[in-house]
Amino acid sequence: MKKLAWHHLETVDVLAELETNNEEGLTDAAADERRKAAGANELPEPKRESRVMRFLKQFHDVLIYVLLGAAVITIVLGHTIDTLVILMVIVINAAIGYIQQSKAEKALDSIRKMLSLKATAIRASKRKVIPSANLVPGDIAVLKAGDKVPADIRLLEAANLKVEESSLTGESVAVEKKVDALPLETSLGDRLNMVFAGTSVAAGSGVGVVVETGSSTELGKISSSISNVQKLQTPLLKQTAHFGKLISAIIVISAAAMFAIGYFWHDYPAGELLLAIIGLTVAAIPEGLPAVLSIILALGVQEMAAKNAIVRTLPSVETLGAVSVICSDKTGTLTKNEMTVTSILVKDEEYELTGSGYSPKGEITSRGQVVALADAPRLKQFLTCVKTINESHLFCNERGHWEISGDATEGCLVTAAEKAEESIPKLDCLAKIPFDSSYKYMAGLVEHDGTRTIFVKGAPEQILRMSKNDSADELDRWHGEILLHARKGERMIGAAAKKVPANTASIGHADLEEGFEILGFASIIDPPREEVIESIRLCKKAGIQVKMITGDHKETALAIGSQMGIGAEGLVIEGIELDRMDESELQEAAVKYDVFARTSPNNKLQLVQALQSLGHICAMTGDGVNDAPALKRADIGVAMGIKGTEVSKEASEMVLVDDNFNTIVTAVKEGRRVYDNLKKTILFILPTNVAEGSVIFVSILLGTAMPLTPVQILWINMITAVTISLAIAFEKLEPGAMERPPRNPNAKLLSGYYVFRIAFVASIICGGLLYMNRTLAEAGLNPAIVNTMTVQALVISQLFYLFNCRSEKGFVFRKGFFSNKAAFIVSGILIAVQLGVTYLPIMNVLLGTVPIAAQHWIWPIGIGISVFAIVEMEKWVWRKMSASR
Ligand code: ATP
């Protein structure tokens, strides 16, 4: 395609130039042809660091430097095998780090792909939602509030279209767009007849022709890559990293002290002492911990995605586990969003509609008789209005199911119109005001019965307000009827019309203040999602409050709330009341009420702020462009995958593939599981490191022989890191995890209990090993055999302790003992490997072990069982104590 000054051309010339047509658009085949020539509408992937570089970076780590130092010392001392093993461990460690990092990144990448941008285009006269990567020059794109502009587009129509272009121009105020051609030299920021890729539609709607795609767009020109590389840090990982540094420092200092003690006090030979000190350092540093933790988080992200919750950042996985209040929209999240008009009220008459769903099969009846429209002019006018002021499309899919594209509230009105026994016209709109939940109506200017008329449809209060010159009795009557339906949980939509002078060519909100004549009201049912009722009950048990925040009428909201188990009887507050409140009143209302009706997007923001100031961790759902500030502010912004706008998705931490409230609860559950498992992992890894360190520490202090060589410690750390410490990642949610209140997000990771447990377990393992060593040395057993037994005792204790850690404080043989297959598989692998270490000659040479007789296994297994039993007893005492408390 030629590059032209698109803003300077008239729309007809743009269409001609791109060989397209604004009514029909391109066909899919033509678009495919063009895509072959122009390429996909994507920016090139940002350049990633090469694999080699990423692998090499794994060596940039204090621990590795310590190990390299150790390797040098062992060479100097002539321990070549030790050097080889240390080098091997260094390489394997780097490889594990590399694989784990790539895995975490891959998990996040695939999630990003699931969220690829969508665009609406007219293809062969039909509106279609397509991946925006498939757009080509010449496509006719349809834009509405909340869309990300998918390409550079020359506008053909703009209805109050406002576009936020700060990503391109730096200007944060949304620009109102027009369609007229502009002078050639107009600068980018002033090209009002163009919208640009990467910007977003703040309000209104529009149609335009795609002129540039991919890297030819203005965005593509300024940056050929938007780096959206995710940070893999989370609050917990930061806390652990900080903690890790702290222990490393302590270890290095105590190592130096040990060297001094050993050298000057006990007269150890310098070489052997150095090796021991290296062993101590290596043993006590929990090198595997950060990698294991981030892999648990990444697995959590994948697990959530499999359950329809796409979490966009790793830290959110943690936050989800701490959520204490969920603020949810009603329509589509708590209800099915399958709307059906059940009755239509016009002056003096109420009509019933038969049929269900979007299928136009059904009839409009009055007192059991099918209504002839010729006898019901008011009904006909109502239907004409709601069909005309409507952006949705009704169609029958390949499977013969009736579906709508667009908004469900509008879709059901089209279906209702189709049920009339004669065809209802859809008039051409000369100008329109698109729907927005902040003002809750939608209007269009039409030519009707020879006069220009404004048709409006919207929330009943708005329609009544616009028609206030009707008699007071009349308005009261309407009001009464509306309440009657709302109390049944039905959503009400009104329609009204006003004649305007023949020269009227545009409309604004000022034209909708008064002078309308009410055409009627439709009442719509939207059944609650049955499964959500159970989830709400679950939330209550888990100490999570559920609040419903809806744009609907307060009676509708109350009725649906009571069906779902949200809120106390009769307690509901409207957005307009929140608007008048100061900060402390808002806090009070946020606690007192669970049902918020007729809210605006700004009310959502107010509520999030109030709840957060009370210390809540708040999840908030949203779908519209105006919800973005509240979604961003919430601890977990939750966007809707189906009906959510692109802007709301971008502002959120989590996107629900199925728009279902249940999915939020599932994600919270998963968040609790992941967090518990992170803590269990810490509780597993740290005591074993401390135990290893202490064994060496005490031996040096007492001047006894070293029970383990550095190489053996390295081996044990490595083999347990790649096997059993990963098993906890697969641990299922503990029974009762959804019956305790949400965790305090500010609580310290290493609580008093954790410090106790780490010290307690470390002393049992360390004490057991030293006791065995002394007893067997006194009995005169061959030191090489004792050494191998010590290696096995350490590994077996860890293996048993793994099973203790599967539940932080619960009894290990509870229900679900066999639920984590990974724990058994890795245990099997570890046992096989350790048998190899004992009986394979090559391993004997590498690790300095010797084959041992069957009875020599009694000690190691005995120590393992003791650790297991003592820790279970400690947990039992803890449970008894907390029960009596
Ligand atoms: P919820 O917050 O429960 O998900 P919602 O977001 O659908 O509800 P809004 O979209 O703000 O709520 O709708 C508020 C009111 O505006 C509805 O009760 C209805 O009366 C009216 N309304 C909704 N959609 C339209 C529309 N497309 N055209 C005209 N009026 C509408």
Side-chain angles (χ1 to χ4, degrees), residues 144-146 205 327-339 341 382 385-392 404 406-414 416 432-444 455-466 482 485-486 489-496 512 519-526 528-529 532 547-561 564 566 572 574-576 595-604 607 620-627 630-631 638-640 642-645 648 656 659-661:
K144 61 176 185 323
S205 58
C327 299
S328 173
D329 281 339
K330 173 178 73 63
T331 311
T333 318
L334 299 171
T335 64
K336 291 185 180 161
N337 206 27
E338 287 165 8
M339 303 216 189
V341 178
F382 175 86
C385 171
V386 296
K387 185 170 172 184
T388 299
I389 309 304
N390 203 311
E391 296 281 332
S392 73
I404 50 137
D407 180 57
T409 311
E410 303 205 335
C412 73
L413 291 168
V414 177
K432 53 188 164 187
I433 298 179
F435 177 78
D436 192 301
S437 48
S438 54
Y439 48 81
K440 299 184 174 49
Y441 56 74
M442 177 171 178
F455 272 162
V456 59
K457 75 176 203 307
E461 299 92 302
Q462 296 289 22
I463 300 298
L464 294 177
R465 179 184 61 77
M466 295 171 196
I482 291 163
H485 283 278
E490 292 168 359
R491 154 172 282 214
M492 300 298 290
I493 283 235
L512 296 164
L519 300 178
F521 293 87
S523 54
I524 301 169
I525 52 162
D526 177 16
R529 290 179 187 262
V532 167
K547 304 204 179 267
M548 176 164 96
I549 302 180
T550 172
D552 244 326
H553 195 280
K554 68 181 185 186
E555 294 296 337
T556 313
L558 261 184
I560 299 280
M564 318 238 34
I566 302 176
V572 54
E574 286 197 351
I576 196 164
V595 179
F596 299 83
R598 286 293 186 236
T599 51
S600 66
N602 187 47
N603 296 141
K604 288 189 171 181
L607 278 174
M620 167 68 84
T621 69
D623 47 21
V625 56
N626 301 331
D627 289 336
L631 291 172
V638 184
M640 302 296 140
I642 304 171
K643 69 170 195 159
T645 54
S648 66
L656 305 179
D659 290 11
N660 191 337
F661 180 85

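Start at 1 and go down the list; that is how both ligands and their atoms are numbered.
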Is_contact(atom 12 (O) of ligand 1), protein non-hydrogen, under 4.0 Å: yes
Atoms of ligand 1, numbered as shown, that sit under 4.0 Å from any heavy atom of T550: 1 (P), 2 (O), 3 (O), 8 (O)
Nearest protein heavy atom with distance in Å, relative to atom 30 (N) of ligand 1: G458 CA, 3.3 Å
Backbone N/O of K440 and side chain of S437: donor-acceptor pair under 3.5 Å: no
Residue part near ligand 1, for D552, under 4.0 Å between non-hydrogen atoms: both
Short side-chain to backbone donor-acceptor contact, S648 and D623, under 3.5 Å: yes
Residues N390 and S392: side-chain donor-acceptor under 3.5 angstrom: yes
Of the listed options F435, F521, Y441, closest to atom 23 (C) of ligand 1 (non-hydrogen atoms): F435
K432 and E391 ion-paired at < 4.0 Å: yes
Salt bridge (charged side-chain N to carboxylate O under 4.0 Å, His left out) assessment of D659 paired with K643: CA-CA 8 Å; D659 290 11; K643 69 170 195 159; over 6 Å; no
Nearest protein heavy atom with distance in Å, relative to atom 21 (C) of ligand 1: A459 N, 3.8 Å
Candidates L631, I549, N626 - the one meeting side chain to side chain contact (heavy atoms under 4.5 Å, CB included) with K604: I549
Protein heavy atom at shortest distance from atom 14 (C) of ligand 1: G551 O, 3.2 Å
Mode of E410 contact toward ligand 1 - side chain, backbone, both, neither (heavy atoms, under 4.0 Å): side chain
Nearest neighbour in protein (non-hydrogen) for atom 28 (N) of ligand 1: K457 NZ, 3.1 Å
Distance filter under 4.0 Å to D407 heavy atoms, resulting ligand 1 atoms: 27 (N)
Atom indices of ligand 1 within 4.0 angstrom of R598 heavy atoms, with elements: 15 (C), 18 (O)
I576 CD1: over 12 foreign heavy atoms closer than 6.0 Å: no
Protein residue, atom and distance nearest to atom 4 (O) of ligand 1, heavy-atom basis: T331 N, 3.1 Å
Structural part of M548 in contact with ligand 1, heavy atom criterion under 4.0 angstrom: neither
Atom indices of ligand 1, in the order listed, that fall short of 4.0 Å to a heavy atom of M492: 19 (C), 20 (O)
Whether R529 side chain and N337 backbone form a donor-acceptor pair below 3.5 Å: no
Side-chain donor-acceptor contact under 3.5 Å, R491 with T331: yes
Polar contact flag for H553 and ligand 1 (N/O pairs, less than 3.5 Å): no
Working for salt bridge (charged side-chain N to carboxylate O under 4.0 Å, His left out), residues E410 and K387: CA-CA 8 Å; E410 303 205 335; K387 185 170 172 184; over 6 Å; no
Under 3.5 Å donor-acceptor, Q462 side chain and Y439 backbone: yes
For atom 7 (O) of ligand 1, closest protein heavy-atom neighbour: R491 NH2, 2.9 Å
Test item, I549 contacting ligand 1 (heavy atom, 4.0 angstrom): yes
